[in-house]
Amino acid sequence: MKVIRGDLKGKKGIPKNGLCIGVHRAGTMHRRYAQKLNRPLKIWSLRPDNDLLAYDKADFEGKGLSTTDNLDDIDDSLIFGVRGAPPQVREEAAKRGLEVIADATCPYVVEQEEAAVEFLEKGLNLVMLSDPNHHGIPRIRGIAEKLGRPFFIVPTVADIDSINLTRKEPIGVIVQTTFWIETYKEIIAVLLDRFADVHIRNTACIDSLQRLPVVADLARDTDAIVIIGWTEGMTNRMVETARSFTDKVFEIKHPDDLDPAWFEGAGAVGVIGANETPEWMIEAAASRLEAMG
Ligand code: SF4
């Protein structure tokens, strides 16, 4: 069995370690402040269970870093994690006098929030193309609530029916940063049919634009594909993308999850990590697959 690793080398905007730029940047910030301050430090996160998995978690914890989504756990200072925070959390942190040592929110997440604010302040009704369970929803919902405007989440073409607006009411459309362009082109086409005043901002991040086509090529060129990841954004989009080419898509969170029965009769198997998957996991999974062949 031939094992083919998804080749992200040289892809614009993807760091050499294969993480996305937002996660790579946040890790650098966490490391820097842990070393500089040399004391326990909390990262406020929308996904506290996930936010250190991309790095050497034990090393970070040894340096005093830990994550939480509860401001009550924080004594005097914090870092905002890569996924950002709803405005209400930022305001509450300020009200409590907590010092924000650093804000590691991904710049693409910040751009998405800026687009949402711009549309809402212009009086548009905000439509977000996204999985409703994505961790970013509370941020954008929080922004819409703060500005007192409606917010609609549209994961599929069928969900357009749930937008209870008339044809003439203006809509501003943003997308989840990790979207798969082919899925959302379909939704945009139907939105343009249904509404007369449509404003669109493509808020996809560079990682989705570069990583998902590699997934598509890998799924097309192999008999089965293994995706290692746990993020409800990029990992789910990678699985969705691969499934448009093959049924043999296996999503795992750790190399130990691999089952040899999945690959019986396969001539070539692809393996690729999501945006928070450390390189060692991809190598370990590839080695296990090679040993199975
Ligand atoms: S997947 Fe994209 S939006 Fe999410 S942290 Fe990475 S670069 Fe930022």
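Whatever order the structure lists ligands and atoms in, that order sets their numbers, starting from 1. Since the model is a prediction, treat every value here as computed from it, not as a measurement.
Pairing each heavy atom of E61 with each of L52, the nearest pair is CG-CD1, 4.3 Å.
Remark: F250 CZ to I252 CD1 distance equals 11.0 Å, nearest 0.5 Å.
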Identify each donor-acceptor pair in which a side-chain atom of residues 223-230 lies under 3.5 Å from a protein atom, sequence neighbours left out, and give them as a table.
| from | atom 1 | to | atom 2 | distance (Å) |
| --- | --- | --- | --- | --- |
| D223 | OD2 | G267 | N | 2.8 |
| D223 | OD2 | A268 | N | 2.8 |

Under 3.5 Å, sequence neighbours excluded: what are the donor-acceptor pairs made by side chains of residues 19-26?
| from | atom 1 | to | atom 2 | distance (Å) |
| --- | --- | --- | --- | --- |
| H24 | ND1 | N17 | ND2 | 3.0 |
| R25 | NH1 | T105 | O | 3.1 |

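Hydrophobic cluster of I163: the remaining members, joined at side-chain heavy-atom separations below 4.5 Å, are V127, L129, F152, V154, V157, I160, L165, I171, V173, V175, F179, I181, Y184, I187, I188, V190, L191, L192, F195, V198, I200, listed by chain and number.
Here atom 8 (Fe) of ligand 1 has protein N, O or S atoms under 2.8 Å from it, and they come to 1.
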Begin from the C-alpha positions of E118 and K122 and carry the test salt bridge (Lys or Arg N to Asp or Glu O under 4.0 Å) through to its verdict. CA-CA 6 Å; E118 186 188 319; K122 279 183 179 161; 3.3 Å; yes
